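One structure is given here, and the rest of the page talks about it.
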Amino acid sequence: MKKLFAATLAITAFGALADDAALIAETRKTALAIPPKLLQMVQEEIDKGSLHGAIAACSEKAPKMAAAASQTTGWAIRRVSLKNRNPEAAPDAWERAVLEDFDRRRAAGENAAMMEKAEIVSEGDKRTLRYMKALPTQALCLNCHGGPDKITPEVKARLTELYPADKAIDYREGQVRGALTVKRAL
Ligand code: HEC
């Protein structure tokens, strides 16, 4: 009898784990669809030769895209960075730890494009699914996130005007620029 009880418990726990894995897979799939759209949007503006348009795309369309995805899913989706440009893109404690881990792994030679993290965090009886996908700095990002040799004086002036407390410069290709982050209440 005792054995049967233990077996039932084990099956229940396994069922819960399988459910969690399915929730993580679903969240991941939705989140992973967003960065390529952001990249395409910036690339299109840059191809048009309009860095001004690209800045507008980043400052207006990118947050709108995250807000629309949040509305459709009911999850909180946004971008964060340890050196944020938008003052609202500062990470919380969980996100900060993950970003610091991404940076350590990158410094050890890992490819930032492959980095992600998923965890179900419990606080009392509240469970939250947390997911982050690293956004690597690519060559085109340096137009607005690179060093003084990459950012033109016009772009610099516009960025300073829009973001007086901008920290998101001096990146090099391959570094972790930030991450897409999802918070989903379960
Ligand atoms: C044309 C200029 C421009 C280019 C190119 C650009 N960004 Fe940005 N980026 C911005 C601006 C402006 C913001 C602030 C957006 C906001 O207000 O939310 C920003 C914000 C971000 C953020 C949110 C965190 C923060 O610092 O506020 C991330 C992450 C980010 N960019 C990553 C990238 C990546 C990765 C690329 C290359 C694929 C890239 N950006 C290319 C201008 C640019």
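Read the numbers this way: they start at 1 and go in the same order the structure lists the ligands and their atoms. What you are looking at is a predicted structure, and each value in this text was computed from that prediction instead of being measured.
Using a 4.0 Å cut-off between a side-chain N of Lys or Arg and a carboxylate O of Asp or Glu, R96 and D92 do not qualify as a salt bridge. Using a 4.0 Å cut-off between a side-chain N of Lys or Arg and a carboxylate O of Asp or Glu, K29 and E26 do not qualify as a salt bridge. The existence of a salt bridge linking E95 and K183 is excluded, since no basic side-chain nitrogen approaches an acidic carboxylate oxygen closer than 4.0 Å.
Among protein heavy atoms, atom 20 (C) of ligand 1 sits closest to R79 NH2, 3.4 Å. Looking at atom 24 (C) of ligand 1, its nearest protein heavy atom turns out to be A89 CB, 3.7 Å. Of the protein's non-hydrogen atoms, L135 CD1, 3.7 Å is the one closest to atom 29 (C) of ligand 1. The nearest protein atom to atom 35 (C) of ligand 1, hydrogens excluded, is given as P136 O, 3.4 Å; this is a heavy-atom distance. Atom 12 (C) of ligand 1 has as its closest protein heavy atom Y163 CE1, 3.6 Å. For atom 18 (O) of ligand 1, the closest non-hydrogen atom of the protein is N86 ND2, 3.1 Å.
Within 6.0 Å of CG on D149 lie more than 12 heavy atoms contributed by other residues, nucleotides or ligands. When the shell of 6.0 Å around NZ of K150 is examined, it contains 12 or fewer heavy atoms from other residues, nucleotides or ligands. Within a 6.0 Å radius of CD in E161, more than 12 heavy atoms belonging to other residues, nucleotides or ligands are found.
Side-chain atoms of K61 never come within 3.5 Å of backbone atoms of L38 as a donor-acceptor pair (strictly under, hydrogens ignored). Side-chain atoms of N143 come within 3.5 Å of backbone atoms of L140 as a donor-acceptor pair (strictly under, hydrogens ignored).
Atom numbering of ligand 1 starts at 1 in the shown order; those under 4.0 Å from a heavy atom of I46 are 5 (C). Taking every non-hydrogen atom of L140 and a distance limit under 4.0 Å, the qualifying atoms of ligand 1 come out as 5 (C). Every atom of ligand 1 with a heavy atom of P63 under 4.0 Å away is listed here by number and element: 18 (O).
Residue contacts with ligand 1, taken as heavy atom pairs separated by less than 4.0 Å, do not involve L38 at all. Here A54 has heavy atoms under 4.0 Å from ligand 1 in both its backbone and its side chain. With a 4.0 Å cut-off on non-hydrogen atoms, L39 touches ligand 1 through its side chain and not its backbone.
Counting only protein atoms, the N, O or S atoms lying less than 2.8 Å from atom 8 (Fe) of ligand 1 are H145 NE2, ordered by chain and residue number.
Judged by the 6.0 Å distance and 45° axis criteria, K83 is positioned over the aromatic ring of Y171.
Not a single heavy atom of L162 sits less than 4.0 Å from an atom of ligand 1.
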Problem - CA sep, side-chain torsions, deciding dist, call: R79, T181, side chain to side chain contact (heavy atoms under 4.5 Å, CB included) - result: CA-CA 6 Å; R79 294 187 302 171; T181 178; over 6 Å; no
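The two residues G146 and I169 have their closest heavy-atom pair at O-CB, 3.7 Å.
Not a single side chain to side chain donor-acceptor pair (under 3.5 Å) links K37 to another residue, sequence neighbours left out.
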